[in-house]
Undergrad: 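Structure in structure tokens, see below.
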Amino acid sequence: MTSVDELLAALQGVRETLPHDAAEEYRTRMDSAEQQVLAVLRTSRDEAHLRGIVAKAREDGTEQIRNCMTKLDELIAAAGSHW
């Protein structure tokens, strides 16, 4: 295999592992967080609970984005040794 073939194979491998459904999943999670916040607002004004819901949603989305970026960074770093 040539280095270009190896790079293309690596890119395909990364492509297959990327969470293509992540945007919809994140939207669903945010919709769920919104419903939880609205439920808390209807029953109490527990600011700590509300902050916890928002923080969890933020961390879930951030973690998924970081994982994608790490995979891409690893691929780019590996590609340098092929050229």
Side-chain angles (χ1 to χ4, degrees):
M1 225 192 256
T2 67
S3 61
V4 173
D5 290 337
E6 291 171 357
L7 180 59
L8 290 173
L11 283 169
Q12 181 62 29
V14 170
R15 181 176 178 227
E16 291 171 2
T17 64
L18 291 175
H20 294 284
D21 298 327
E24 282 307 311
E25 182 180 339
Y26 185 71
R27 181 178 180 87
T28 299
R29 288 182 184 182
M30 289 304 293
D31 288 346
S32 174
E34 178 185 25
Q35 292 305 313
Q36 291 175 47
V37 166
L38 292 173
V40 170
L41 287 174
R42 281 192 295 272
T43 59
S44 74
R45 295 290 187 254
D46 185 350
E47 185 178 338
H49 190 179
L50 292 174
R51 288 180 180 268
I53 292 168
V54 172
K56 174 86 170 94
R58 180 177 45 240
E59 288 307 312
D60 287 348
T62 301
E63 180 181 353
Q64 196 156 30
I65 291 167
R66 283 185 181 142
N67 289 341
C68 288
M69 297 309 295
T70 297
K71 288 177 184 176
L72 290 172
D73 286 343
E74 290 169 355
L75 177 63
I76 291 166
S81 65
H82 292 286
W83 294 96

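As a basis for the values below, the full set of heavy atoms in this structure was taken, side chains included, without hydrogen atoms, waters or symmetry mates. Along the sequence shown, residues carry numbers from 1.
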Undergrad: Quick one: pull up CD in Glu34 and CZ in Arg27 and give me the separation to the nearest 0.5 Å.
TA: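 The CD atom of Glu34 sits 9.0 Å away from the CZ atom of Arg27.
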Undergrad: For Glu63, which residues count as a salt bridge (charged side-chain N to carboxylate O under 4.0 Å, His left out) partner, sequence neighbours excluded?
TA: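 Partners of Glu63 under the salt bridge (charged side-chain N to carboxylate O under 4.0 Å, His left out) test: none.
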Undergrad: Just how far is it from atom CD of Gln36 to atom NZ of Lys56, taken to the nearest 0.5 Å?
TA: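 Atom-to-atom, Gln36:CD and Lys56:NZ are 9.5 Å apart.
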Undergrad: What's the separation between atom CD in Gln35 and atom CE in Met30, rounded to the nearest 0.5 Å?
TA: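 Result: 12.0 Å between the selected atoms.
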Undergrad: Distance from Met69 atom CE to Thr62 atom OG1, nearest 0.5 Å?
TA: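 Here the interatomic distance stands at 13.0 Å.
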Undergrad: Would you compute the distance between atom CZ of Arg58 and atom CD1 of Ile53 and round it to the nearest 0.5 angstrom?
TA: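 If I round to the nearest 0.5 Å, the distance is 12.5 Å.
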Undergrad: Working to the nearest 0.5 angstrom, can you tell me the gap between Asp60 CG and Ile65 CD1?
TA: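 If we round to the nearest 0.5 Å, Asp60:CG and Ile65:CD1 are 11.0 Å apart.
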